[in-house]
Amino acid sequence: MNNPRQGSDLHILQVSDCHLYADPAGTLLGLNTLDALQQVLSSACAQTPPDMVVVTGDLAHDGSKEGYHSLAKTLARTHCPAAAIPGNHDHVLSMKNVLEKHRIPTGGTIDLGNWRLILLNSQVPGKEHGHLSRNELEMLDDALENAPPHILIFLHHQPVPVGSSWLDNIGLDNGQELFSRIKDNLAVKGVVWGHVHQPWEGRLGHLQLLATPSTCIQFSPRQDAFGLDALPPGWRMLTLGRNGTLQSEVHHIPHMPKGLIADSAGY
């Protein structure tokens, strides 16, 4: 990938948990997920044109090739590069086959300006929780070597508890193996994820820890059991400073799209 922004600040649009379907009219708890994603991308790009879009998992709720084709076509309308990683709902092979044909990377590293983005696959096939395999950890170790001065890591599952017991039971089960590799590495500025359908921010030493809302439904924070929040679909815009600063803001579209079944007990 070429490097058009050497020496400049970078704007990375993170969207997550799109839950698209083979049928463009498909809904999750009553909400049309493709329409919600389109509204998010339109609003986000109008507000701050991004240098790249990173989609952090649960791209297609049904793991369908058609869902990934819909994602690729929708991302193409942003007129900027995109990358994606799998979540627990994704079919990794179908995802890779479709998205990589559209020149959308699905893992590995991306170097932009003075930054390296590391895209990790935390999926455990057939399970809701996450785990970084030995291969992913070895890839991470390699990616930390000979990198540009500043590094940002993306994955799907939360590597630390976010305060909702039902979600934290299906988070990353070997977060300590991730942090043992990066907690003393000052080049790594932060770790960013999806999965929890809500904004969340924390710190571990010098590391910023950031969770991003879904482009469709949001989960109520700090709950023992499943519950929906009233916040509309959202995104996080990350500003990667040329000197290594990391700033970000969470935004939501102005109104909740019609159709959401607010008293749902899960999916």
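In this structure, SG in C216 is found 8.5 Å from CG in L29, a value given to the nearest 0.5 Å. In this structure, the separation between CG on L209 and CD on Q158 is 11.5 Å, given to the nearest 0.5 Å. The distance from the NZ atom of K183 to the NE2 atom of H206 is 10.5 Å, given to the nearest 0.5 Å. Remark: T74 OG1 to L37 CG distance equals 5.5 Å, nearest 0.5 Å. Note that the CG atom of L117 and the CZ atom of F154 stand 5.0 Å from one another [nearest 0.5 Å].
Around CD of E128, the count of heavy atoms belonging to other residues, nucleotides or ligands within 6.0 Å does not exceed 12. Few gaps surround CG on D141; more than 12 heavy atoms of other groups in view lie less than 6.0 Å from it. E249 CD: 12 or fewer foreign heavy atoms inside a 6.0 Å radius. The number of heavy atoms from other shown groups lying within 6.0 Å of CZ (R134) does not exceed 12.
Across all their heavy atoms, D58 and D90 have their closest contact at N-OD2, 2.9 Å. Between P233 and P257, the shortest heavy-atom contact is CD-CD, 3.6 Å. The shortest heavy-atom contact between H11 and T239 is ND1-OG1, 3.3 Å. Here the shortest heavy-atom pairing between T106 and L99 reads CG2-CB, 4.0 Å. Closest non-hydrogen pair, L228 versus I261, comes out as CD1-O, 3.5 Å. The two atoms that bring P161 and W200 nearest to each other are O-CZ2, 3.7 Å, heavy atoms only.
Here the side chains of M256 and L31 are in contact, with some heavy-atom distance below 4.5 Å. Put simply, the side chain of T56 reaches to within 4.5 Å of the side chain of Q14, judged on heavy atoms. Considering only heavy atoms from C-beta on, T215 stays 4.5 Å or farther from D17 through its side chain. Two residues are said to be in side-chain contact when any heavy atoms from C-beta on lie closer than 4.5 Å; V191 and L210 fail this criterion. Counting heavy atoms from C-beta outward, L119 and T109 have side chains that stay 4.5 Å or more apart. Residues L59 and L20 form no side-chain contact, since every pair of their non-hydrogen atoms from C-beta on lies 4.5 Å or further apart. Residues C18 and T33 fail the side-chain proximity criterion, which asks for heavy atoms closer than 4.5 Å. Within the 4.5 Å cutoff, no side-chain heavy atoms of L132 are placed close to those of E177.
A donor and an acceptor atom, one from each side chain of S164 and R222, are nowhere located under 3.5 Å apart. Side-chain atoms of H131 and D173 form a donor-acceptor pair, as typed in the model, at a separation below 3.5 Å.
H102 and H69 have their aromatic ring centers within a separation under 6.0 angstrom. Ring pair H19/Y267: centre-to-centre distance below 6.0 Å.
Between L10 and the choices L238, L112, L152, N114, the side chain to side chain contact (heavy atoms under 4.5 Å, CB included) rule is met once, by L112. Tested against H156, the residues H89, H195, Q123 include a single side chain to side chain donor-acceptor pair (under 3.5 Å) partner, H195.
Using a cut-off of 4.0 Å between Lys/Arg side-chain N and Asp/Glu carboxylate O, R181 and E138 are scored as not salt-bridged.
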* **Check against side chain to side chain donor-acceptor pair (under 3.5 Å), R236 and S248** => CA-CA 7 Å; R236 185 181 289 275; S248 74; 2.7 Å; yes
* To do: Please step through side chain to side chain donor-acceptor pair (under 3.5 Å) for the pair D62 and S64, ending with a clear verdict.
  => CA-CA 5 Å; D62 56 4; S64 64; 2.8 Å; yes
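Judged by distance alone, with hydrogens and angles left aside, the side-chain atoms of R116 form a donor-acceptor pair with the main-chain N or O of A143 at under 3.5 Å.
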